[in-house]
Amino acid sequence: MSKIVKGMFDVMPKDEENWRQVQWWRFVESTARTVAERFRFQEVRTPLVEYTELFKRGVGDTTDIVEKEMYTFTDRAGRSISLRPEGTAGIVRSFVGHKVYAQPQPTKWFYMGPMYRYERQQVGRYRQFHQLGVEAFGSFDPALDAEVIALGMQFFEELGLKGVQVEINNVGDPESRARYFEALIAYFEPYKEELAEDAQNRLYRNPMRILDSKDPHTHEIAMGAPSILEYLSEDSRANLEAVKQYLDILGVNYVQNDRLVRGLDYYTQTAFEYMVDIPGAQASTIGGGGRYNGLVQEVGGPDMPGVGFGVGLERVLLALEEQKVVVPEPSRLDCYMITFDQATKRKSMELLAELRRAGLSAERDYLDRKMKAQMKVADREQARFVAILGEDELAQNTIQVKNMETGTQEAVPFDQLVTYIQTEKGR
RNA sequence: GCGGUCGUGGCGAAGUGGUUAACGCACCGGAUUGUGAUUCCGGCAUUCGAGGGUUCAAUUCCCUCCGGUCGCCCCA
């Protein structure tokens, strides 16, 4: 009855797993917004659901994500709808649907939110997971590729995450990629019997994945495989060089990896992945992206290019925890008000309201606890001040205010309570 | 989707085929008058993931299911 859906988790004020606490999420989200906006990317929010067809066309209907990992259902009118398994398709749909392509370009957007994939859960992998995504439309300039990559790196840096490296590659256009696939198959076929079992399975399906096989012998064979660079057009190669040069200028710590391939169909040209060590987790990839120059057209818009990335927030949080990064503490309680009988409780309502309207956080007891117990609560809540409102105080229109750090206490007239706490707090 | 492993109170964690299921933390209350720590005392699982089965008797044995976790696949 109270069971959470498999593969999902709640983000709570307190949790034995630090990274699942709201303050951690708020830190990551606010940092993301700050950095993205500094690069002049604007936040957009699209629905969690789209018509299934969009993902089939956008992400690719032969990808594992679409083929076996989507939450798909039929609505009451018989339409096929899916929970978004990634963010880009919906953003592109929005870009095309609102004819934003007719506006001055480039369009630079970012988004954050939950994505859904029906998979077995593991460390850093959930059925509902969260991504920060950025997308820039309307320019082929490799400087934009580099800045998108740099945006992600600055995000990690401002979070305090160390050791993030970005691997980059150029996967060319679909035609040259198809030629490269053929070349790989031709290369591996003679070794077929020697390859590891999973590599044999991948041979015709996705030969590029054989390149990063964990099996030693397969790896050895793969060393001799041709590089995609040999199959790229002049244009693609020049593009890769330009992106690298800009990354150098931006001071981004990158590594070129001509074996990097991405799992979604829409990528063309630049492809990249952000990597950081997450012990225990199978994957060290915390984000990835690239260009998708054909996607806007695929979704029904004009032939307009795009570049972007998606970063897995759970993985970022996990890495932050692993590196013992200190996240900002939630703000402390300014004033805990101790009350006794009905009359003092009634008066406290008024005083609490004043404090709160003045921007101070204020709290009191709602369980008719004794004073001693109320003091304990105040201590546990780390209150800066405790204001004691008893019968005597009420009669004299004053309240006893105790500074919980110094232990000093003095009587303060009701009408000076707010300013008293404000000035004392500032010391 | 496949394989391994685990499942005792809010959390951590003992335990046994048979009268009242340790202990620690947390929480609540008390140690005479309206003040936070420590200490002391007391309270807190008609119940051992769920459902069957074996047995005179099961939390302990068997089966099924559900869930967590790890690995494969794939990915953020």
Side-chain angles (χ1 to χ4, degrees), chain A residues 1-9 12 14-17 59 62-70 84-88 112-133 152 196-199 201-202 205-206 209 212-215 261-264 273-276 278 280-289 309-319 336 338-341 344 367-394 399-409:
Chain A
M1 204 47 209
S2 58
K3 218 180 319 184
I4 193 164
V5 171
K6 192 175 170 74
M8 317 232 164
F9 61 91
M12 310 281 281
K14 286 258 174 281
D15 195 292
E16 54 277 17
E17 300 265 23
V59 180
T62 59
T63 57
D64 280 7
I65 291 176
V66 169
E67 243 176 13
K68 45 185 215 191
E69 293 173 4
M70 277 210 296
R84 60 185 186 192
E86 57 92 59
T88 303
M112 266 184 284
M115 308 293 163
Y116 303 84
R117 289 183 199 171
Y118 194 89
E119 304 178 87
R120 284 288 233 140
Q121 121 178 18
Q122 268 177 63
V123 179
R125 200 175 74 183
Y126 293 87
R127 289 184 173 180
Q128 174 179 281
F129 63 102
H130 299 75
Q131 283 190 335
L132 157 67
E197 197 183 321
D198 61 329
N201 295 334
R202 288 163 174 169
R205 205 157 44 93
N206 192 349
R209 291 234 78 98
D212 53 18
S213 170
K214 291 161 195 155
D215 177 70
V261 67
R262 312 241 58 240
L264 288 65
E273 275 184 15
Y274 297 107
M275 328 272 279
V276 72
I278 308 174
Q282 187 186 144
S284 55
T285 300
I286 54 176
F309 68 68
V311 162
L313 265 24
E314 283 77 7
R315 291 185 183 178
V316 169
L317 262 334
L318 238 29
Y336 188 92
I338 290 180
T339 54
F340 300 86
D341 57 8
T344 56
L367 295 173
D368 288 321
R369 280 191 257 244
K370 302 256 176 76
M371 180 181 187
K372 192 183 178 76
Q374 290 187 51
M375 284 300 291
K376 278 190 178 176
V377 173
D379 188 53
R380 186 170 58 211
E381 303 289 316
Q382 297 242 284
R384 287 179 214 271
F385 298 93
V386 163
I388 303 160
L389 180 61
E391 285 175 79
D392 296 350
E393 286 79 11
L394 196 56
I399 189 163
Q400 289 288 328
V401 180
K402 177 172 184 172
N403 182 319
M404 292 296 274
E405 263 142 52
T406 63
T408 60
Q409 181 174 324

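Lettering of chains follows the sequences in order, A, B, ..., and the numbering in each one begins at 1.
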Shorter than 3.5 Å, N or O on both sides, protein versus nucleotides 65-67 of chain B: list them out with atom names.
residue : atom : partner : partner atom : Å
B:C66   : O2'  : A:Lys3  : NZ           : 2.6

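Within the 4.0 angstrom heavy-atom criterion, base atoms lie near A:Lys402. Nucleic acid contact for A:Leu313: none, since no nucleic acid atom lies under 4.0 Å from a heavy atom of the residue. The residue A:Gln128 sits apart from the nucleic acid: no heavy atom pair falls under 4.0 Å. Within the nucleic acid shown, A:Tyr336 has no heavy atom closer than 4.0 Å to any nucleic acid atom. Base engagement by A:Met404 is indicated by at least one non-hydrogen atom pair under 4.0 Å involving a base atom.
Closest contact between the side chain of A:Arg120 and the listed nucleotides B:A76, B:C74, B:G3 involves B:G3. For A:Lys376, taking side-chain heavy atoms from C-beta onward, the closest of the listed nucleotides B:A37, B:C74, B:U69 is B:A37. For A:Arg125, the listed nucleotide lying nearest its side chain is B:C75; candidates were B:G34, B:C70, B:C75. Considering only the side chain of A:Met375, B:G36 comes nearest among B:G3, B:G36, B:C74. Closest to the side chain of A:Asp379, from the set B:G30, B:A76, B:A37, is B:A37.
Looking at heavy atoms from C-beta onward, A:Met12 lies out of side-chain contact with A:Glu17 at the 4.5 angstrom threshold. Taking 4.5 Å as the limit, some side-chain heavy atom of A:Arg125 sits within range of a side-chain heavy atom of A:Arg120. Contact annotation: the side chain of A:Glu86 never approaches that of A:Ile65 to less than 4.5 Å [non-hydrogen atoms, C-beta and beyond].
A straight line from CG of A:Asn403 to P of B:U35 spans 19 Å, rounded to a whole angstrom. Between A:Leu132 atom CG and B:A76 atom P there is a gap of 14 Å when expressed in whole angstrom units. Atom NZ in A:Lys14 sits about 12 Å away from atom P in B:C27, given to the nearest Å. Computed from coordinates, the A:Arg127 CZ to B:C75 P distance equals 17 Å when rounded to whole Å. Following rounding to the nearest Å, A:Gln409 (CD) and B:U35 (P) show an atom-to-atom distance of 10 Å.
Checked against A:Pro114 for a side chain to side chain contact (heavy atoms under 4.5 Å, CB included), the options A:Met8, A:Gln131, A:Arg84 give a single hit: A:Arg84.
Between A:Gln122 and B:G71 there is a side-chain N or O to OP1 or OP2 distance below 4.0 Å. Proximity of A:Arg369 to the phosphate of B:C28: a side-chain N or O atom is located under 4.0 Å from OP1 or OP2. Close to B:A26, at under 4.0 Å from its OP1 or OP2, lies no side-chain N or O of A:Arg380.
Judged by distance alone, with hydrogens and angles left aside, the side-chain atoms of A:Glu381 form no donor-acceptor pair with the main-chain N or O of A:Ala383 at under 3.5 Å. For the pair A:Arg315 (side chain) and A:Thr285 (backbone), a donor-acceptor distance under 3.5 Å is present. When atom types are taken as modelled, the side chain of A:Arg127 and the backbone of A:Tyr116 share no donor-acceptor pair closer than 3.5 angstrom. In this structure a side-chain-to-backbone donor-acceptor pair under 3.5 Å is present from A:Gln374 to A:Thr339. Counting only distance, with no hydrogens or angles, the side chain of A:Glu314 and the backbone of A:His130 share a donor-acceptor pair below 3.5 Å.
For A:Glu67, the CD atom sits in a packed shell: over 12 heavy atoms of surrounding residues, nucleotides or ligands are nearer than 6.0 Å.
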>> Could you spell out the base pairing of RNA chain B as a dot-bracket line? Use Watson-Crick and G-U wobble contacts where both distances are under 3.5 Å, [ ] for crossing pairs, | for partners on a different strand.
In response: (((((((..(((.....[....))).(((((.......))))).....(((((..]....))))))))))))....
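Comparing B:U60 with B:U8, their P atoms are spaced 13 Å from each other, to the whole Å. If you take atom C1' in B:A13 and the same atom in B:C48, they sit 13 Å apart, rounded to whole Å. B:C65 and B:G3 have their P atoms separated by 11 Å, given to the nearest Å. When the C1' atom is used for both B:G7 and B:G12, the distance is 15 Å, rounded to whole Å. On the C1' atoms, B:C28 is 42 Å away from B:C62, given to the nearest whole Å. Taking atom C1' on both nucleotides, B:G29 is separated from B:U47 by 25 Å, rounded to a whole Å. When the P atom is compared between B:C75 and B:U69, the two are found 22 Å apart, to the nearest whole Å. Only the C1' atoms considered, B:U55 is 16 Å distant from B:C63, to the nearest whole Å.
Judged by distance alone with a 3.5 Å cut-off, no donor-acceptor contact links the side chain of A:Glu273 to the base of B:A76. In the interface, the side chain of A:Glu393 is paired with the base of B:G34 through a donor and an acceptor atom under 3.5 Å apart. Between the base of B:U35 and the side chain of A:Lys372 there is no donor-acceptor pair shorter than 3.5 Å.
In the model, A:Tyr118 has no side-chain atom that pairs as donor or acceptor with a side-chain atom of A:Glu69 under 3.5 Å.
The aromatic ring of A:Phe340 does not sit over the base of B:G34, since the test of centres under 5.5 Å and planes under 30° is not met.
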>> Walk me through whether A:Met70 and A:Val59 qualify under side-chain contact (heavy atoms from CB on, under 4.5 Å).
In response: CA-CA 11 Å; A:Met70 277 210 296; A:Val59 180; over 6 Å; no
